[in-house]
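Scope of the values below: all heavy atoms of this structure, side chains included, with no hydrogens, waters or symmetry mates. Keep in mind that this is a model prediction, so the values were computed, not measured. Chain A is the first sequence line, chain B the second, and so forth, proteins listed ahead of strands; every chain is numbered from 1.
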Amino acid sequence: MATFLRPGEKRPGAFGITFDLDAGSTQALPVFNKNERLALEEQRRRLPAFQHRREILYLVEHHATTVIVGETGSGKSTQIPQYLLEAGWCSDGRMVACTQPRRVAVMTVAARVAEEAGSVLGQTVGYGIRFEDVTTPGVTKIRFCTDGVLMREMFEDPLLTQYSVVMVDEAHERSLATDTLLGLLKKVQRRRPDLRIIVASATLEADKVVSFFDTSTVRGPKALPSDTMRKPALLSIEGRTHSSQIHYLERPCSDYVRAAVQTASDIHREDAPGDILIFLTGQQECEDAVALLEEEARKVRQGKARLRMAPAALYAGLPAAAQLAAFEPAPRGYRKIVVATNIAETSVTIEGVCFVVDCCFAKQTAYNPLTGLGSLLVAPISRASAAQRAGRAGRLRPGHCFRLCTEADFQQLAEATVPEMQRSELASTVLQLKALGVDNMMAFDWLAPPPAETMVRALELLHALGALGADARLTSPLGQHLAELPVDPRLGRALLASGELGCAEEVLTIVAMLSVQSVWLSPHGQRKALDAAKSKFAVGEGDLVSGLNAWHAWQESGRLGKWAHHHFLNHRTLLRAADIRAQLTHHLRRLGIPIRSSEGDVISVQKALTAGLFMNAVQLSETTVDLQNPSSSGINVYKMLHSSGPGEAPKLRVHASSVLARTRPQYLLFWQVQQSSSGWYEMQDVTAVEADWLPEAAPHVFQRIGARAHIQ
DNA sequence: AGGTGACAG
């Protein structure tokens, strides 16, 4: 049910979090007017986008693609779909789609637009995200959805015939799904000359999108009637945020956590009131900084500062209750200091921030196609990203941003972040494109082409999984089924195998748990207690089976939040895993996969996992002395069994978070690896396996390797 | 003996 707020009333988000609305309209304006609709109209007219209403409509009518650069607060996300509706783009029963990269954004923008359009959410204005389709066929005219949902819709309706206009919002973020969707839309446009595409972006880079969609210079048969139509239009809309004053360090700092704490303390002592937002890279850093700030706060209290410091950490893994502190206004007499990861760059907005302290680093995915291993690395951010962070200070009044690097070093940073498409593993993306009829990956029109080796790796994996045949075409039914399942193809393969092995109940749970962030809480300074909690469920088969045990115990508790918390499990994450599990169960039923329980036969579960993860199999190769800790019993080094790349074989070890960290099984499967600062690849979510299961699960890959493994 | 950036289906 949609709740309506009085105009100007502040919208409380979930858990008290206020999410981005990309509209100046989030500002609380006191409105003393009985006629709510009139007040809303007035608010709409005040948005910068309103000045461009006629121009936008003209451009969309005359150009197949329109690129709109609109800063935050311009109202582009909420207003443009309504302009299109008002101008008649939905009069023939078709809809206007507006995609967002995030679920919360879809929900909040849809709610706002429904309110402005006088619609109950799900009627004229609706939305679609995973698990939730709040639209009414035949009634809904404007549909907000995640870009992933729209792409999935193309499986059923490849030409998106339900829509007259598709607006892709926040395109500057260049997420995997956004880039893929833009490539597909360009393809659809050739067959649907009537389709209009709007690409909305917050910053620069617009030229790239313009030339990408420009078909006026392409030779050969033309899909679009005129050169005007073929040439994308470009329009800029000014925003409504204040600019921030930027400050740089005079000399580089060696420890940005300490530097950030120092800077925040200085601001606190010397500057006007206003909350501080610190950007660091990870959970540990955030918690360390909070601890240092608390120490500092005790000192300041003894001084004569009028305000006191109220530090709070904020990262995605933090349970909802603990996140509250970061979003609630600081108590009277306190200055809130939020120490956040990248989550605060785009996903959530903290009101009242006037100062940003930016370490100018972030953890980013990196993929090495030579080894086939992806990993997380702390890397310098781009200038575009830094600008976005700085902008987080200017929502209330002109703010200040303190970058923890020198100005000269800052100028060395890349202009924009490398698109995710060029630094990710792409098996899932390639599989989906294949399912949508893109036969030649190399010839696909990528907005940013991924490295050829990455595509080769993806094709190789999909081939090994049986999703692609020798002709590199999607196999039927296996490849089609894997494309339809909303999970990584490796996990999809494990699910399908579990049907044959009679353990789908168990593998469904494991796959659902791998589809969410870690279900384990990691409260600061309570590592021992967490270990104790984890060890209650730990078994020698590894982390996935241990997780399965924890899940079963949670089920037996009646899915109690209190129980979960007591056992250091994140209840919210478990509930989301339960949703995913239900959705996957539904898919398996539809595919006719028998859903049975292994009844305690763990080996069948391990074998099903082997069927999906065999490319991630490793063998214990040696035990070396730990140079950082010579008194320890040494490091167990693993090598990948399947590694066709030309590079040096990567050395792997079990991540310390694993239940198998202190054991030394001969053969393991891992789900993911992380590169530690000391250069090791650390395997997370590992499962112990027997060597014979590998050739059994994937004879085409493991015949030789399997034999060699036996000889040893 | 030692720890998990942010998203999406």
Side-chain angles (χ1 to χ4, degrees), chain A residues 99-106 128-132 145-155 170 173-181 279-287 314-318 340-348 361-366 375-379 381 385 417 420 424 428-429 431-432 483-489 491-492 515-524 526-528 530-531 534 543 570 573 576 579-580 583-584 587 626 628-636 653-658 661-662 671-678 682 684-685:
Chain A
T99 72
Q100 299 286 332
R102 278 172 294 280
R103 299 154 52 87
V104 275
V106 168
I129 56 177
R130 188 180 194 177
F131 306 127
E132 261 186 278
C145 59
T146 49
D147 29 30
V149 161
L150 194 68
M151 217 170 84
R152 291 261 154 199
E153 271 177 34
M154 294 178 78
F155 285 160
E170 311 289 350
E173 288 186 23
R174 303 298 303 274
S175 75
L176 211 52
T178 303
D179 266 28
T180 314
L181 184 62
F279 282 101
L280 296 176
T281 73
Q283 169 181 343
Q284 192 64 52
E285 284 177 9
C286 292
E287 297 287 3
L314 178 66
Y315 44 87
L318 204 63
T341 60
N342 239 356
I343 192 172
E345 187 177 311
T346 50
S347 301
V348 294
F361 283 89
K363 282 193 182 171
Q364 295 179 338
T365 44
S375 54
L376 274 179
L377 286 175
V378 175
I381 59 173
S385 184
T417 310
E420 225 183 339
S424 313
S428 200
T429 303
L431 180 62
Q432 282 176 49
E484 281 168 37
L485 288 169
V487 288
D488 182 283
L491 299 181
S515 301
V516 295
Q517 293 204 319
S518 170
V519 295
W520 296 101
L521 294 172
S522 46
H524 194 56
Q526 295 189 55
R527 210 168 64 193
K528 283 214 166 122
L530 170 68
D531 280 352
K534 249 183 161 176
D543 300 298
N570 189 330
T573 310
R576 177 155 166 84
D579 277 347
I580 291 173
Q583 188 192 31
L584 293 172
H587 272 99
D626 185 352
Q628 288 173 349
N629 192 359
S631 63
S632 76
S633 55
I635 301 171
N636 298 319
R653 63 194 270 192
V654 177
H655 193 279
S657 65
S658 169
R662 271 149 284 173
W671 170 232
Q672 49 190 0
V673 291
Q674 193 188 315
Q675 207 167 358
S676 74
S677 50
S678 48
E682 300 186 324
Q684 297 174 324
D685 301 314

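Of the candidates B:dC7, B:dG9, B:dT4, the closest approach to any side-chain atom of A:Lys363 belongs to B:dT4. You'll find that the side chain of A:Thr365 is closest to B:dG5, out of B:dT4, B:dG5, B:dC7. Looking at the side chain of A:Ile343, the nearest of the listed nucleotides B:dT4, B:dC7, B:dG9 is B:dC7. Between B:dT4, B:dG9, B:dA6, one nucleotide has an atom nearer to the side chain of A:Gln284 than all others, and that is B:dT4. For A:Arg102, counting side-chain heavy atoms from C-beta on, the closest listed nucleotide (B:dA8, B:dA6, B:dT4) is B:dA8. With B:dG2, B:dA8, B:dA6 as the candidates, the nucleotide lying closest to the side chain of A:Ala656 is B:dG2. Picking from B:dT4, B:dA6, B:dA8 the nucleotide with the shortest atom distance to the side chain of A:Asn342 gives B:dA6.
In this structure, A:Leu377 places its CG atom 13 Å from P of B:dT4, rounding to the nearest Å. The interatomic distance linking A:Gln674 (CD) with B:dG5 (P) rounds to 7 Å, in whole Å. Atom-to-atom, CD1 of A:Ile580 to P of B:dA8 comes out at 11 Å; the value is rounded to the nearest Å. The distance from atom CG of A:Asn636 to atom P of B:dG2 is 13 Å, rounded to the nearest whole Å. To the nearest angstrom, P of B:dA8 lies 13 Å from CD of A:Glu132. As a whole-Å value, the separation of A:Met154 CE from B:dG9 P is 16 Å. One atom, CZ of A:Arg103, and another, C1' of B:dA8, lie 8 Å apart when rounded to the nearest Å. The distance between atom CG of A:Asp685 and atom P of B:dG3, rounded to the nearest whole Å, is 17 Å.
Phosphate contact (OP1/OP2 of B:dC7, side-chain N/O of A:Thr146, threshold under 4.0 Å): absent. Checking the phosphate oxygens (OP1, OP2) of B:dA6, a side-chain nitrogen or oxygen of A:Gln517 falls inside 4.0 Å.
Using a 4.0 Å heavy-atom cutoff across all strands shown, A:Thr281 reaches sugar-phosphate atoms only and no base atom. Residue-level contact check: A:Asp531 touches the bases, meaning some heavy atom is under 4.0 Å from a base atom. Heavy atoms of A:Ser515 sit nowhere under 4.0 angstrom from any nucleic acid atom. The residue A:Leu176 sits apart from the nucleic acid: no heavy atom pair falls under 4.0 Å. Across all strands shown, A:Ala177 has no heavy atoms under 4.0 Å from either base or sugar-phosphate atoms.
In this model, no donor atom of one side chain and acceptor atom of the other lie less than 3.5 Å apart for A:Ser657 and A:Gln684. With no hydrogens or angles considered, no side-chain donor-acceptor pair links A:Ser424 and A:Glu420 at under 3.5 Å.
Not counting sequence neighbours, the partners of A:Glu682 by the salt bridge (Lys or Arg N to Asp or Glu O under 4.0 Å) test are A:Arg653. For the side-chain contact (heavy atoms from CB on, under 4.5 Å) test, residues two or more places apart in sequence or in another chain that qualify with A:Gln583 are A:Arg130, A:Phe131, A:Pro486, A:His587.
Nearest-nucleotide positions on DNA chain B for A:Asp488 and A:Ala316 put A:Ala316 closer to the 5' end. Comparing A:Glu420 and A:Val149 by the nucleotide of DNA chain B whose heavy atom lies nearest to each, the residue mapping closer to the 5' end is A:Glu420.
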